Amino acid sequence: MRLATWNVNSVKARLPRLLDWLAATRPDVLCLQETKCPDGAFPVAEVGELGYSVASHSDGRWNGVAVLSRIGLTDVMVGFPGEPGFPEPEARAISATCAGLRVWSVYVPNGRSLDSPHYEYKLAWLAALREALRDQLRSGMPLAVCGDFNVAPTDADVWDPTLFIGSTHVTELERQALADLRALGLLDVIPRPMKGPHPFTYWDYRAGMFHQNKGMRIDLVYASSSFTDAVQSAYVDREARKGKGPSDHAPIVVDAELAVPVGPREA
DNA sequence: ATGCCGGATAATATCCGA
């Protein structure tokens, strides 16, 4: 099974690149974040032509998550029980079962700044996610939680840790929230970088950050051991960050020897 | 060369992102 996750920074703006990438990479399942897609406006027909079914959760202007699958898509859950909001829950989580794998696509709140109510919201959201995932793990089904976590797990996951002192994404509390997810039994599937030592997944559009490889690893795949035991390889597709009109995030692609049941799979 | 911000909308300015 090929599983991928990508913060596309608007599915509308990224549609030509998304379709090209799907056709070339052929993931069985793709998690999307920041679709920024009004309700009902997801390009279902376009990805359907490539064999993908869609489960999407929309907010309108901001946020937005989706799961695309060509190996089955059942038991879709929009959001999760106890999900905090600001003040109402936003479109930040969707999950579905794809050929025996429970897949979550998450877009964790940014946090903005340490003195912002959004930072408290981010921590509360991650804590509530942990409780929801604790329940998911009880089912025993292999689980992969994919998405933009907006937290760099270690100092090695940002290009210059000294520049982040006093900023979100690197604080002890945010990193502890990730550690609390791992304490449930989830493992960080660290992808191989295509270039250089750092598997960064995000580079700011500004000031040539990508070209200087000044990036961050904030997109993550946290998975149960029943999934990670089957993982053969994982990589960051930095090619997708190049050229005209890219997202500021690159996709992560994970290949696992997880049996795909015969049935709904299409050619 | 990968090549120096871009997406959204209540739009010709402002919010958001990390």
Side-chain angles (χ1 to χ4, degrees), chain A residues 5-18 20-21 24 32-43 56-66 85-86 90-92 106-123 125-126 147-171 173-175 177-178 193-196 198-220 235-252:
Chain A
T5 184
W6 194 7
N7 179 324
V8 285
N9 186 20
S10 167
V11 71
K12 181 184 174 192
R14 217 62 59 213
L15 187 59
R17 289 188 68 126
L18 172 63
D20 287 349
W21 187 85
L32 296 176
Q33 301 85 37
E34 281 207 85
T35 54
K36 294 184 174 178
C37 184
D39 208 24
F42 194 98
S56 72
H57 182 22
S58 298
D59 231 13
R61 184 175 184 183
W62 305 116
N63 314 311
V65 286
F86 198 86
E90 302 174 302
R92 296 186 176 277
V106 300
Y107 177 49
V108 177
N110 172 289
R112 300 193 185 177
S113 63
L114 301 190
D115 58 0
S116 167
H118 284 263
Y119 180 68
E120 295 303 317
Y121 170 43
K122 179 180 196 173
L123 295 174
W125 199 91
L126 282 165
D148 180 354
F149 283 72
N150 271 320
V151 181
T154 73
D155 277 353
D157 295 312
V158 296
W159 80 93
D160 184 351
T162 65
L163 296 177
F164 283 84
I165 295 170
S167 297
T168 59
H169 294 65
V170 299
T171 64
L173 288 174
E174 290 165 287
R175 287 175 172 170
L178 292 187
M194 278 184 167
K195 179 185 171 186
H198 306 291
F200 295 148
T201 62
Y202 162 85
W203 302 261
D204 198 297
Y205 285 123
R206 290 166 282 195
M209 299 294 267
F210 177 63
H211 321 293
Q212 301 170 66
N213 201 24
K214 292 181 174 177
M216 307 173 75
R217 185 171 78 95
I218 52 175
D219 299 273
L220 306 172
Y235 67 95
V236 181
D237 187 0
R238 76 191 305 282
E239 294 294 318
R241 182 63 179 79
K242 296 180 181 179
K244 185 173 171 55
S247 169
D248 44 2
H249 294 250
I252 297 168

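None of these values were measured; they are calculated from a predicted model. Residue numbers begin at 1 in each chain, while the letters A, B, ... track the order of the sequences.
Within the nucleic acid shown, A:Ala207 comes within 4.0 Å of at least one base atom, counting heavy atoms only. Note on A:Gly111: nothing from the nucleic acid sits closer than 4.0 angstrom, heavy atoms only. Heavy atoms of A:Tyr107 sit under 4.0 angstrom from primed sugar atoms or phosphate atoms, though from no base atom. Nucleic acid contact for A:Tyr202: sugar-phosphate only, since backbone atoms but no base atoms lie under 4.0 Å from a heavy atom of the residue. Among the protein residues, A:Glu34 comes within range of the sugar-phosphate backbone only, with heavy atoms under 4.0 Å from sugar or phosphate atoms but none that close to a base. Residue contacts shown for A:Asp219 are absent, as no nucleic acid heavy atom lies under 4.0 Å away.
Comparing the C1' positions of B:dA11 and B:dG6 gives an interatomic distance of 15 Å, to the nearest angstrom. The gap from the C1' atom of B:dA10 to that of B:dC16 amounts to 15 Å, rounded to the nearest Å. Spacing between B:dA18 and B:dG7 at atom C1', rounded to whole Å, works out to 15 Å. Rounded to whole Å, the separation between the C1' atoms of B:dA8 and B:dC4 comes to 23 Å.
At B:dC16, none of the side-chain N or O atoms of A:Tyr205 fall inside 4.0 Å of OP1 or OP2 (strictly under the cut-off). Contact annotation: A:His249 reaches the phosphate of B:dA18 (side-chain N/O to OP1 or OP2, under 4.0 Å). Considering only side-chain N and O atoms, A:Asn150 lies under 4.0 angstrom from the phosphate OP1 or OP2 of B:dA18. Distances shown here put a side-chain N or O of A:Ser10 below 4.0 Å from the OP1 or OP2 atom of B:dA8. The shortest distance between the side-chain N/O atoms of A:Arg14 and the OP1/OP2 oxygens of B:dG6 is not below 4.0 Å.
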Write down the protein N/O and nucleotide N/O pairs, taken from nucleotides 12-15 of chain B, whose separation is under 3.5 Å; answer none if there are no such pairs.
none

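Legend: salt bridge (Lys or Arg N to Asp or Glu O under 4.0 Å) pairs involving residues 7-17 of chain A, not counting sequence neighbours: none detected.
Looking only at atom types and distance, the side chain of A:Tyr205 has a donor-acceptor partner in the side chain of A:Asn9 under 3.5 Å away. Using a 3.5 Å distance cut-off with no hydrogens or angles, the side chains of A:His198 and A:Asp157 do not pair a donor with an acceptor.
A:Arg112 pairs by the side chain to side chain contact (heavy atoms under 4.5 Å, CB included) definition with A:Asn110, A:Ser116, A:His118, not counting sequence neighbours.
Side-chain rings of A:Phe164 and A:Trp159 approach one another, their centers coming within less than 6.0 Å.
A:Ser10 places no side-chain N or O within 3.5 Å of a backbone atom of A:Lys36 that could act as its donor or acceptor partner. Formation of a donor-acceptor pair under 3.5 Å by the A:Ser247 side chain with backbone atoms of A:Asn7 is found in this model.
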Exercise. For A:Asp155 and A:Arg175, run salt bridge (charged side-chain N to carboxylate O under 4.0 Å, His left out): C-alpha distance rounded to whole Å, both residues' side-chain angles, the deciding distance at 0.1 Å, then the answer.
Key: CA-CA 10 Å; A:Asp155 277 353; A:Arg175 287 175 172 170; 3.0 Å; yes
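The separation between A:Leu220 atom CG and B:dA18 atom P is 13 Å, rounded to whole Å. The distance from atom NE2 of A:His169 to atom C1' of B:dC16 is 12 Å, rounded to the nearest whole Å. For the pair A:Trp203 CH2 and B:dG6 P, the interatomic distance rounds to 16 Å; values are reported in whole Å.
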